[in-house]
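Below you'll find the structure, written out as structure tokens, and then a few comments.
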Amino acid sequence: MAYDFKAIEAKWQERWEKARLHTPDLAGARNPYYNLMMFPYPSAEGLHIGNLYSFISVDCHGRYMRQKGFDVFEPIGFDAFGMHSENHALKTGQHPRVLTPKCIANFTRQLKSAALMLDWTRAVDTTDPEYYRWTQWIFLKLYEKGLAYEKEAPVTWCPACQTVLADEQAEGGVCERCETPVEKRNLRQWFFKITAYAEKLLSGLDGIDWSEITKSAQRNWIGKSEGAEVLFETPAGPLTVFTTRPDTLFGATYMVLAPEHPLAGKLATPEQKTAVAEYAKRAAAMSALEREKGDRKKTGVDTGALAVNPVTGQKIPIWVADYVLSGYGTGAIMAVPAHDERDHEFAKAFGLPIVEVIQPEKNVPGCYSGEGTMIHSGSYDGLSSIEARKRIVADLEKKGLAKFRVHYRLRDWCISRQRYWGPPIPAVRCAKCGTVAVPEKDLPVRLPEMPDIRPDGSGKSPLARLQAFVKTVCPKCKGTAERETDVSDNFFDSAWYFLRYLSPADTERIFDPALAQKWLPVDHYIGGNEHAVLHLMYVRFLTMALKEIGVLHFDNPFKRFRVNGMITRDGAKMSKSKGNVVSPDEYVDKYGADVLRTYLMFMGPVADGGDFSDRSIHGVAKFLERVHRIFTEKPIVDRPVVGDARTLMHRSMKRVEEGFERLSYNVSIAQLMEWANDLADWTKITREELSVFARLLASFAPHLADELYEKVGDAKFVLQAPWPAWDPKLAVGDTVEIAVQVNGKLRGTVSIPAEADEAAAFSAARGLPKVAEVLAGAPLKKQVYVKGRLVNFVSG
RNA sequence: GCCGAAGUGGUGGAAUGGCAGACACGCCGGUUUCAAAAACCGGUACCCGCAAGGGUGUGAGGGUUCGACUCCCUCCUUCGGCACCA
């Protein structure tokens with residue numbers, strides 16, 4: 001009988017759906033397990049194979065846990081707001097309100113064809129007012145708590161997209177969407193105070209079971225540095241700098257202010273005023289890309305003013321230079337050219353004095369920035385730099401001139417977007433009352449219909465053109481007021497979606513607290529590491545904030561997070577321009593979902609991803625055909641499995657399970673192949689082998705597994721059958737072949753009973769002619785026996 | 001530069017202190033075919049050798065151990081994150 005995957009897959013998908021097999025009873029579940037996959041953005045291009053790879057990794061884990069007896073909840077939804085949709089709409093002229101439902105329908109079809117164990121009854125869509133009502137609600141909660149605030153700030157602006165971007169969306173100084181170099185603009189923006197949680201976000205990483213690569217990216221992004229703030233007297237008053245090396249204070253021979261520093265203009269002497277102003281103007285005109293390029297020649301200008309070094313009492317010049325950034329620390333530094341590369345380069349360029357205050361252990365050429373012994377530092381001479389660091393700050397602290405201080409690289413999260421396709425930020429501006437939040441009862445603030453959503457370069461959202469939307473009444477004084485016209489960042493929508501899955505239809509609450517208590521935090525989450533510092537940081541922040549607000553009962557949203565690798569084609573990242581995009585539809589059609597799933601999981605460990613190859617998928621197709629043939633063409637007999645067949649069966653159960661535990665499904669599948677290769681040689685198959693094989697295969701090839709399991713005859717779906725339990729004793733045969741080494745070198749193998757004792761093993765090993773021969777020359781010093789593994793004779 | 005991950009056949013990878021290369025792709029040979037494709041069977045780390053056999057081998061070099069792909073140290077390379085961040 002041929003392997004008719006189309007008929008088999010259609011048959012089982014229909015039966016599963018009829019049985020509502022993938023819709024757990026959230027309230028009644030006894031053994032809840034929340035198995036989450038990343039929130040897909042439903043693009044017009046359809047489901048990307050990389051997305052599918054990630055989802056199948058999640059699904060295989062979910063099916064495994066289901067067989068292990070858990071009530072697995074595996075939800076899905078659509079992250080359909082955002083610039084990506086909007087840009088696509090602007091390019092093709094299709095309104096996102098029209099396009100989005102079509103894209104969602106197509107995604108739904110594709111996801112269903114891949115047989116993911118999804119609970120479709122709880123799907124969410126971020127563009128649904130009943131979803132973004134709660135996005136806006138969270139905004140209100142944060143606002144009440146002081147965690148959402150407005151400020152006029154220099155923000156990253158993409159001139160092509162005509163909107164501001166988060167820092168994370170403009171890495172390297174270019175817009176992540178269109179790669180246009182970004183600019184700085186001063187705009188009134190809404191921010192979430194993620195920096196209030198900087199330390200908690202950092203320390204929280206230590207105890208959580210997340211992929212190391214993700215935690216490392218987050219640590220770097222938070223960028224903690226410990227040091228001190230030190231006060232320098234200047235003609236314009238005290239000037240605070242931040243330094244991580246207060247031990248080098250005696251070597252501070254000048255100071256530098258960022259061009260944007262408020263004191264820069266004030267400090268400049270009459271002769272230098274023009275030069276300083278011009279320098280600041282030039283710095284402001286520079287794009288972020290130019291400014292942040294690290295290998296530029298140092299430039300700067302002297303303010304003419306002098307500051308007093310608090311430890312030496314010496315007067316030192318104050319310069320303005322763009323190598324000091326206004327956004328970090330205090331925007332001003334003390335320069336120690338002897339022990340800081342950048343200060344060194346600057347001092348050389350402008351002829352400023354260099355004083356060494358740290359003696360390295362071994363003399364090194366150039367500028368030394370390591371630890372060492374204090375010199376030229378008054379009473380601190382002779383101390384280690386590490387010790388001196390503490391004492392200098394402590395001593396200055398008594399005089400009120402310094403204090404220990406920690407700074408973070410992390411910036412507050414700018415959520416304002418001057419675009420159309422997002423949830424309106426629920427706030428109004430009243431001439432009398434200022435900014436007023438929309439009351440909870442008036443949510444959602446609906447995104448109005450608007451045929452022309454093009455940005456107009458005014459720096460305002462297209463919504464600002466819609467007077468019917470803008471004009472409103474102040475919730476406080478009932479006077480006329482104007483609505484906020486910015487919409488919120490797409491990352492905000494996706495920072496809480498996993499909460500809504502619990503209660504997607506609840507119109508009264510964001511979710512049912514009883515269900516949250518039962519199902520949260522999420523047990524298992526898999527996704528690409530491109531979200532390490534965006535999505536995953538925002539979710540952690542929001543979870544912590546919602547806990548403080550009293551909405552959630554935990555700090556860490558995801559108990560276990562694992563990254564999945566990337567799927568490439570011919571070694572290259574897939575892209576439309578390269579024409580190497582793999583369409584899941586094509587392969588589901590040609591081979592079926594079971595083959596595509598099994599192939600993707602066979603490529604390697606989930607963390608590594610892999611390179612998609614038509615040849616290799618064909619090999620996997622042959623494997624499933626073979627499995628189908630073995631179990632449908634050979635007679636199934638009721639008799640116990642014994643001997644080597646039993647050993648292989650138990651070893652297979654063991655190794656398949658080990659693969660599941662490590663997300664190395666490739667090992668599980670390889671073991672099934674090995675087992676199948678052996679079964680193919682037998683004339684009959686036992687019912688037990690059929691039952692075990694089907695259950696082990698179920699995650700990868702769920703349709704075929706059910707087709708085979710049906711023959712077992714216990715009237716269950718394979719997912720409802722328990723995970724096969726293996727016996728460690730039976731996973732080893734009665735006799736084992738062990739290695740025989742002499743001085744660590746393999747000299748042969750010998751078969752002995754698995755339970756053989758040392759003496760028996762040694763005598764069997766010595767019986768090998770080759771071993772006896774090699775051993776003859778020298779006296780035996782030692783002999784090692786590792787049960788079931790090897791014997792090693794150590795001689796002469 | 002700092003932080004993190006990883007280096008194993010022609011390729012993807014397996015083995016995390018005990019027989020390196022499981023399993024698969026590819027390649028070679030065979031069966032089948034008018035032929036090709038497909039399918040099936042066998043072989044396939046490298047070097048020497050007709051063979052039996054011997055030797056070498058997990059990025060490089062040291063170390064620990066009876067025994068190291070695995071643990072430790074130094075270095076190299078690749079990938080990811082951060083980066084004029086004081």
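Within every chain, numbering begins at 1; the chains are lettered A, B, ... in the order of the sequence lines, protein sequences first and strands thereafter.
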Would you say the base of B/C66 and the side-chain of A/Lys781 have a donor-acceptor pair closer than 3.5 Å?
-> no
Side-chain N,O (A/Arg615) to OP1/OP2 (B/G26) below 4.0 Å = yes
If anything within 90° of 0 is syn and all else is anti, what is B/G4?
-> anti
Any side-chain N or O of A/Ser225 under 4.0 Å from OP1/OP2 of B/A86?
-> yes
Are any of A/Asn677's side-chain N or O atoms less than 4.0 Å away from OP1 or OP2 of B/A22?
-> no
Looking at the rings of A/Tyr323 and A/Phe346, which for Trp means the six-membered one, are their centres under 6.0 Å apart?
-> yes
Pair of N/O donor and acceptor under 3.5 Å linking B/C66 base with A/Asn792 side chain = yes
Check every atom of B/G80, B/C23, B/C19 against the side chain of A/Gln741 and return the nucleotide holding the closest atom.
-> B/C19
Closest to the 5' end of RNA chain B, once A/Asn529 and A/Lys224 are matched to their nearest nucleotides, is A/Asn529
Most 5' of A/Arg789 and A/Met673 on RNA chain B, judged by nearest nucleotide = A/Arg789
Taking only the side-chain nitrogens and oxygens of A/Lys745, find out if one of them lies under 4.0 Å from OP1 or OP2 of B/U56.
-> yes
Distance in angstrom units between A/Lys787 NZ and B/G17 C1', rounded = 19 Å
May I have the distance from A/Asn564 (atom CG) to B/C79 (atom P), rounded to whole angstrom?
-> 20 Å
For A/Asn220 and A/Arg409, test the side chains for any donor-to-acceptor distance below 3.5 angstrom and give the result as yes or no.
-> no
Taking only Lys NZ, Arg NE, NH1 and NH2, and the carboxylate oxygens of Asp or Glu, determine whether A/Glu345 and A/Lys297 approach each other closer than 4.0 Å.
-> no
Do A/Ser652 and A/Gln671 have side-chain atoms, one donor and one acceptor, less than 3.5 Å apart?
-> yes
Within this structure, what is the CG-to-C1' distance between A/Asn666 and B/A22, rounded to whole angstrom?
-> 11 Å
Between B/A22 atom C1' and A/Leu648 atom CG, what is the distance in whole Å?
-> 13 Å
In whole angstrom, give the distance that lies between atom CE of A/Met601 and atom C1' of B/C25.
-> 18 Å
Over how many whole Å does the gap from A/Asp614 atom CG to B/A38 atom P extend?
-> 14 Å
Answer yes if the side chains of A/Tyr587 and A/Asp614 hold a donor-acceptor pair under 3.5 Å, and no otherwise.
-> yes
Hey, does A/Lys215 reach any base, or is it just sugar-phosphate, or nothing, if we go heavy atoms under 4.0 Å?
-> nothing
